[in-house]
Amino acid sequence: LNRALKNIDRGQDEVLFHAWATGQTGMPMVDANMRCLQTTGWINFRMRAMLTSYATFTLWLDWKMVALHLSQLFTDFEPGIHYSQVQMQAGLTGYHTLRVYNPITQSERHDPDGKFVHQWVPELKEIPIPQVYEPWKMPSMEQQFYRCQIGIDYPAPIVDFKAATRKNKDRYWAFRQAPEVKAYL
């Protein structure tokens, strides 16, 4: 952890945190991974990074609450690895490339047939590819046809991914440009 970066003013929005922690964000790949993790205690490295990235950059949640929650779920939790990885994904080391994972892109690349999302987000089991990755874009009639009305059967996205991520990345880079922060980088 770069001490100059530890003072980034990320929030502790309990509503956003609860949605993320319970797999109710309205982003199918985020929710599928969180639900899988809650049940099995394990997801792969890329999905761990995506969950952290989504929480700290898209939802702008404080890394400590994210790290604590994940530490309680991982069956392979090891503090020396876990906390440094969460800090890196949250952009707090100052020397790694900033990585913000897009859950839609991750779905398309790593779950091209939708099996993972369908398994862990059963509310979406009737929705075909590619709509299952962005079900909120389906017209109302299609939602009725597939028996999944967004906002009723499955949550609408709690934030606009692109807009929130863009705003929060700008906040992050503005913080990094402050002279007192640059002195430690």
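Here, residue 1 is the first one in the sequence, and each next residue gets the next number. Computed from a predicted structure; not experimentally measured. Only this structure's heavy atoms are used, side chains among them; waters, hydrogens and symmetry mates stay out.
- Residues forming a ring-ring contact (aromatic ring centres under 6.0 Å, His included) with F77 (at least two apart in sequence, or on another chain): H82.
- Residues P128 and Y146 form a side-chain contact, since some pair of their non-hydrogen atoms from C-beta on lies under 4.5 Å apart.
- With W60 as the aromatic partner, R10 meets the cation-pi criteria of under 6.0 angstrom to the ring centre and within 45 degrees of the ring axis.
- Under the 4.5 Å side-chain criterion, counting only non-hydrogen atoms from C-beta, P135 is in contact with P28.
- A cation-pi arrangement is present between R48 and F74, with the terminal nitrogen or guanidinium carbon under 6.0 Å from the aromatic centre and inside a 45° cone about the axis.
- For the residue pair S71 and Y83, the shortest heavy atom distance occurs at OG-OH, 3.9 Å.
- Between F57 and T52, the closest side-chain pair of non-hydrogen atoms is not below 4.5 Å.
- Residue-environment remark: CG (D9) stays at or below the threshold of 12 foreign heavy atoms within 6.0 Å.
- Side-chain contact between T58 and S53 is absent, with no heavy atoms from C-beta onward closer than 4.5 Å.
- I8 is not listed as a side-chain neighbour of D62, based on a closest heavy-atom distance of 4.5 Å or more.
- Within a 6.0 Å radius of NE2 in H110, other residues, nucleotides and ligands contribute more than 12 heavy atoms.
- When every heavy atom of M29 is checked against every heavy atom of Q106, the shortest pair comes out as CE-O, 3.8 Å.
- D31 pairs by the side chain to side chain donor-acceptor pair (under 3.5 Å) definition with T25, Y154, not counting sequence neighbours.
- A salt bridge does not link E134 with K162: none of the charged nitrogens is closer than 4.0 Å to a carboxylate oxygen.
- Within the 4.5 Å cutoff, no side-chain heavy atoms of W120 are placed close to those of M34.
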